[in-house]
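Note that the coordinates shown come from a computational prediction; the quantities given were computed from them, not determined experimentally. Only this structure's heavy atoms are used, side chains among them; waters, hydrogens and symmetry mates stay out.
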Amino acid sequence: MVHSAEDRNIAPLAAKIEMAQTMLELGWSVEMLVYDASDIDGNYIKNTDHGMGLSMLTFFERGSGMLRSMARPFKYAAAEHVIYHAGKYRYEFDYRHDDIRARRCLLD
């Protein structure tokens, strides 16, 4: 999990910490990374608003590596091909291969 320390309106940090603690108590393997203004690099983290301006593709690349390293097997999704619409982009994730294929398309 990644979260901005300064997200106060959509998902306050205290609520995210409580969620992570509950997940740990239920036996989930949880790692929570909290970012603040000093972590803004203009590439991965662009701001401290909700979502931190993260690139979905970079976020997924970083997160999928962590999920693969978990001790117990992880299934990405029941679906073989998932599409998300976000703003002016469509994100596609293809799970039908050994490597996960992702792409971002600009919507017309």
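Atom CZ of Arg96 is separated from atom CZ of Arg101 by 9.0 Å, given to the nearest 0.5 angstrom. Within the model, atoms NE2 of His81 and CG of Asp94 stand 5.0 Å from one another, a figure rounded to the nearest 0.5 Å.
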With a cut-off of 3.5 Å and sequence neighbours excluded, list every side-chain donor-acceptor pair involving residues 12-26.
residue, atom, partner, partner atom, Å
Thr22, OG1, Glu18, O, 3.0

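Pairs engaging residues 45-55 under the side chain to side chain donor-acceptor pair (under 3.5 Å) rule: Glu6-Thr48, Asp7-His50, Ser55-Thr58 [sequence neighbours left out].
Criterion: ILVMFWY side-chain heavy atoms under 4.5 Å apart, direct or through other members. Under it, Trp28 and Met32 are part of a common hydrophobic cluster. Note on Leu57 and Ile83: separate hydrophobic clusters, where clusters join Ile, Leu, Val, Met, Phe, Trp and Tyr whose side-chain heavy atoms are under 4.5 Å apart, directly or indirectly.
In this structure the side chain of Leu106 reaches within 4.5 angstrom of the side chain of Tyr89, judged on heavy atoms.
Across all non-hydrogen atoms, the minimal contact from Met56 to Tyr91 is CB-CE2, 3.5 Å.
Taking Ile, Leu, Val, Met, Phe, Trp and Tyr as members and joining any whose side-chain heavy atoms lie under 4.5 Å apart, directly or through other members, the hydrophobic cluster of Val2 also contains Leu33, Tyr35, Ile40, Tyr44, Ile45, Met52, Leu54, Phe59.
Judged by distance alone, the side chain of His3 and the main-chain N or O of Ala11 form a donor-acceptor pair under 3.5 Å.
When the shell of 6.0 Å around CG of Asp41 is examined, it contains more than 12 heavy atoms from other residues, nucleotides or ligands.
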